[in-house]
Number of protein chains: 2
Amino acid sequence: MFPDETDKKILRRLQQNARLTIKEIASDINLSVTPVHERIRKLEKEGYIDRYVGLLNRKILGKALMAYCHVTLDKQQKESFEDFNNAAKEMEEVLECSMVSGNFDYMLKIVVQDGEAFNQFYQYKLSVLKSVLHISTYFVISEIKNTTEISI
Amino acid sequence: MFPDETDKKILRRLQQNARLTIKEIASDINLSVTPVHERIRKLEKEGYIDRYVGLLNRKILGKALMAYCHVTLDKQQKESFEDFNNAAKEMEEVLECSMVSGNFDYMLKIVVQDGEAFNQFYQYKLSVLKSVLHISTYFVISEIKNTTEISI
DNA sequence: GTTGAAACCGGTTGTCT
DNA sequence: AGACAACCGGTTTCAAC
C-alpha cells in the first residue's frame, strides 16, 4: 500500500518543517538519501504533498484581528452558492471558507488589521453581497492552537 | 521602517511557495542574491516568518471529514479555561482552537477520517472534558477556500 | 545595494548491489 | 528498494566597489 509507513514518517516531518534536508530526514528514519529523495518526489507528484509555504507571524505584521463569521444565504440555490463561493475566493481577508451543515450556510475565517478594518470589510465587502441574508461574527480573543499538521 | 516594501515582496512570495530559490526571488524583484539572502535571514530572525511547512492533501490521506465545533464551558473561570486550553493543544484532531467573543467560548476546527472517527473523538475525548458544558458541531460539506496567506 | 569569487552543502542522477 | 559516489546548482560568506 502507498503511502507506506516510511512515506508517512517523511510526510510527518515535512509538514512540521519543510526546510529539513533530505539528509536529515534520511538519518532520522535510518535510510540513505536516495530512497528518501525518490519517495518525496513521488509523494509530491501523486499529490500527497500539496505545496510548501512560509507561515508568517500575522500579529507583528499588523494583522492582529481574527474573526469567524457564520453566513446565511438568501436562498439555497445553485446561483447563490456560486456567487458567494466566487466572492469568498476573491477576498483577501477570507483565509478559510467552508459550506457547512446546520442552521447557517458558511463558516468563514477572517484576518484583518483591526476593528476598523473589520468594519470596512463587513460593511462594504461581505454584507453587500446580494446572496447574503445574514451574518454572525465571533471575534477571536485568544488563539490557543493553530496548526496545519494533520495526524497520519 | 522595517519591513519595507522589498521585504514585503519577499514575504508575499515565500508564503505562496517556500521552495522558491533566492535566485528566483531576486530576479523577480530585480535584486541580486546577496541582499535577498540577507533580508530573508533577518525576517526569519525577527520572527516575521514563523516557520516553513509542507501542506498535505488531507482527503487522499484518509482525513476526509472536517468540522467546526462551538464549545461552551461550565463556568468562565481561569481554571476551566486552562484545563480546556491544555486539552485542546494535546488533541491531534484539533487543528485550530480559539477563544471567541459571543454566546459560546471556543471555536474549534476538527479534522478526522470519517463520521465514525468524529463520533469517537466527540464522545470519548471532547465531551468528556469536565470543563465542557455544551458543544455544537457544524460539518464541512464543501471546502471553498483554505489558505495560509495573509495580505501584506 | 552590486558584483564576483570561493567554500560548502544539499539535491540529483547513474551505477551497483 | 536501498547504498554509494560523482556532478550540478544553490546557499552562504567575504571582499571590493
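Order of the sequence lines fixes the chain letters, A, B, ..., with proteins taken first and strands second; residue numbering starts at 1 for each chain. Note that the coordinates shown come from a computational prediction; the quantities given were computed from them, not determined experimentally.
For Lys89(B) and Phe84(B), the positive end is not near the middle of the six-membered ring at less than 6.0 Å and at most 45° from its axis. A cation-pi arrangement is absent between Lys8(B) and Tyr48(B) under the rule of less than 6.0 angstrom and at most 45 degrees off the ring axis.
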Intermediate values then yes/no, salt bridge (charged side-chain N to carboxylate O under 4.0 Å, His left out), Arg41(A) and Glu44(A) = CA-CA 5 Å; Arg41(A) 285 276 299 278; Glu44(A) 289 168 348; 5.3 Å; no
ask   = Asp83(B) and Ser80(B): side-chain contact (heavy atoms from CB on, under 4.5 Å), yes or no, with the steps?
value = CA-CA 5 Å; Asp83(B) 280 355; Ser80(B) 286; 5.7 Å; no
message = Please evaluate residues Glu5(B) and Arg12(B) with respect to the criterion salt bridge (charged side-chain N to carboxylate O under 4.0 Å, His left out), reporting the C-alpha separation (whole Å), side-chain torsions for both, the decisive distance (0.1 Å), and the verdict.
response = CA-CA 10 Å; Glu5(B) 190 51 43; Arg12(B) 281 185 206 113; 3.3 Å; yes
key: Full working for side-chain contact (heavy atoms from CB on, under 4.5 Å) between Leu73(B) and Phe104(B)   = CA-CA 8 Å; Leu73(B) 296 196; Phe104(B) 55 93; over 6 Å; no
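Within a 6.0 Å sphere centred on OH of Tyr124(A), heavy atoms belonging to other residues, nucleotides or ligands number 12 at most.
Of the N and O atoms on the side chains of Glu24(B) and Thr21(B), at least one donor lies less than 3.5 Å from an acceptor on the other residue. With 3.5 Å as the limit, one finds a donor-acceptor pair spanning the side chains of Glu96(B) and Tyr68(A). For Asn85(B) and Tyr106(B), the side-chain atoms include at least one donor-acceptor pair closer than 3.5 Å.
At a non-hydrogen distance threshold of 4.0 Å, Thr21(A), Ile22(A), Lys23(A) from residues 6-32 of chain A come into contact with DNA chain C.
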Sort me out a list of protein N/O and nucleotides 13-15 of chain C N/O pairs below 3.5 Å, or just none if empty.
unit_1  : atom_1 : unit_2   : atom_2 : d
dT13(C) : OP2    : Arg41(A) : NH1    : 3.1

task = For DNA chain C, just give me the dot-bracket, please: Watson-Crick or G-U, both distances below 3.5 Å, ( ) intra-strand, [ ] crossing earlier pairs, | paired with another strand, . unpaired.
result = ||||||||||.||||||
